[in-house]
There are 2 protein chains.
Amino acid sequence: MNRPVTLTFSPLYQQIQAVLLARVVSGEWAPGTFIPSESALAKEYAVSVGTLRKSLDALASDQVVIRHHGKGTVVATHDTDRSLFQFFHLVRLDGKRSLPSSRVLLRKQRAPTPEEVKILALEIGEKVIHIKRVRDLDGSPTLLEDVVVSARFFSGLEIAPLPLPNTLYQLYEKQFGCSVANAEERLSAVAANEADEIHLEVKKGTPLLEIRRIAKDLQGRPVEWRVSRCETSQYCYFNEL
Amino acid sequence: MNRPVTLTFSPLYQQIQAVLLARVVSGEWAPGTFIPSESALAKEYAVSVGTLRKSLDALASDQVVIRHHGKGTVVATHDTDRSLFQFFHLVRLDGKRSLPSSRVLLRKQRAPTPEEVKILALEIGEKVIHIKRVRDLDGSPTLLEDVVVSARFFSGLEIAPLPLPNTLYQLYEKQFGCSVANAEERLSAVAANEADEIHLEVKKGTPLLEIRRIAKDLQGRPVEWRVSRCETSQYCYFNEL
DNA sequence: TACAATTTGTGCGTATGTATA
DNA sequence: ATATACATACGCACAAATTGT
């Protein structure tokens, strides 16, 4: 009797990779801290170091951990250069990179729009926190952003702390235990409206680059919906393929 | 006597990776063909299979080769789905992907602009070939493109063949032995001009997404400069971070 | 259908090199 | 100098996919 079942087979190193990821997600291994050594983990899971290495290398290529020769392996945080620019693609036309400062225009809790319910996979009755801010690059207002997150996971974000750091993902990580791991962005060109005219100091109708981002955590759950409208006379969106 | 020389040390697997890449670049291993097996290459270079595997895995992650379980390793081409969408990021607003058809408006050899000389690293006196085309997505004109390449490396592109395939990189690969390996793109929002008005059927001043791309070959040399102006009411530029 | 040959994928164990504390 | 941890390199065994006999 032959059995055509494939079962849920997956290679050992992938199974271990998933387990290690789970320990990061659970908070057992916090961002910025060292995890046990290769040999210790290999012993714990009763596999060879080589197999465990493959798991860690995969997590490293996913930016979940960072390996340091001679020191150890740390859980990735959002305060390294590499990580900061993973989600910030605006560069000056001359190629220089810099991070923006920001001024918060609005911060409140409210009911979600139907679009937000869909994008953030919200449950019925769940509220959202909405932050609107202007981000300055080299002193001139360049980005007008609307940031929306679930009020359930980010309870209190609408009141404290003051001021907001301009790298929100560090705040999500430290204050709310939520690590943004990846995101998808959709870009299009739009005409400036009245709000843009006021906050970005451009004329109505000026072409703006609109970036719509869905940010996801380590488990792939959508955690933030962000729309950025950008004035691109001095800056552009840089992407390497 | 201790020797403080570091020399030009690099790991064995990286040295071999470079040698294997060179054999692809030289044309010895053409795109679409199988290269020798791991064990054969390991024997040839007198290294362990494990070491040679690391070299091949690295080349595979750079999209230079594609590994096939049970069959062998082939040099990557530009006619696979994976590869086609590496350089084409426009998707419908509903998320569907499709490839455009194209109509050539202009195709000629001419002297380069100073900007083109710089971007393509042209030598003095070198000419360029300039192709202007409109690309239709789902039947409506969506992209207006200017493609510029060196006339030295792409001699004859301005006359033959007719018609041009809409995936130019396949043509570069097959007719000119030039494999585009990666690219950098800079995006900004611009207002439609008279040419856009005619070819994209939009009013002058309509916001367009402008994509400026520098495409590079396996050795990192710039081989193509491309400016695409895109009408983004039905499509957007999709990017995964 | 069965079997063998080839090729890549997975997994183990070990030795040695290099970076860090 | 020593200990620890990651990086490189080797060799072997077996699994899984593909192809041809």
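In what follows, chains are A, B, ... by sequence order, proteins preceding strands, each numbered from 1.
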By nearest atom, which of the nucleotides [options] is closest to the [X] side chain?
X      : options                   : value
H69(B) : dG9(C), dT14(C), dG11(D)  : dG9(C)
R53(B) : dG11(C), dC10(D), dT8(C)  : dT8(C)
R67(A) : dA7(D), dT8(C), dG11(C)   : dA7(D)
T51(A) : dC10(D), dA5(D), dG11(C)  : dG11(C)
S48(B) : dA21(C), dG11(D), dT18(D) : dG11(D)
K54(B) : dG11(C), dT8(D), dT18(D)  : dT8(D)

Have a look at [X] and say if it touches a base, only the backbone sugar-phosphate, or nothing, with a 4.0 Å heavy-atom cut-off.
X      : value
V47(B) : sugar-phosphate
G72(B) : sugar-phosphate
S39(A) : nothing

Using whole Å, what does the distance between atom [atom2] of nucleotide [N] and atom [atom1] of [X] come to?
X      : N       : atom1 : atom2 : answer
K43(B) : dC10(D) : NZ    : C1'   : 16 Å
L12(A) : dA16(D) : CG    : C1'   : 16 Å
Q17(B) : dT8(D)  : CD    : P     : 11 Å
I35(B) : dT6(C)  : CD1   : C1'   : 15 Å
L52(B) : dG9(C)  : CG    : P     : 12 Å
Q14(B) : dA9(D)  : CD    : C1'   : 13 Å
E38(A) : dA19(C) : CD    : P     : 16 Å
Y45(B) : dA9(D)  : OH    : P     : 15 Å

- Check whether any side-chain nitrogen or oxygen of K71(B) sits under 4.0 Å from OP1 or OP2 of dT19(D), and answer yes or no. yes

- Phosphate OP1/OP2 of dA5(D): any T73(A) side-chain N/O under 4.0 Å: no

- Task: Using the six-membered ring of F85(A), assess whether NZ or CZ of R97(A) lies under 6.0 Å from its centre and within 45 degrees of the ring axis.
- Result: yes

- Compute both the distance and the angle, then confirm whether R213(B) meets the cation-pi test with F87(B): under 6.0 Å from the six-membered ring centre, within 45 degrees of the axis. no

- Task: Salt-bridge test for E185(B) and R212(B): reply yes if a basic N is under 4.0 Å from a carboxylate O, no otherwise.
- Result: no

- Message: Looking at E38(B) and R67(B), is there a salt bridge between them, counting it only when a charged N and a carboxylate O are closer than 4.0 Å?
- Response: yes

- Using Watson-Crick geometry (N1-N3 plus N6-O4 or O6-N4) or G-U wobble (N1-O2, O6-N3), each under 3.5 Å, dT20(C) is paired with dA3(D)

- Message: Would you say the ring centers of H89(A) and F238(A) fall short of 6.0 Å from each other?
- Response: no

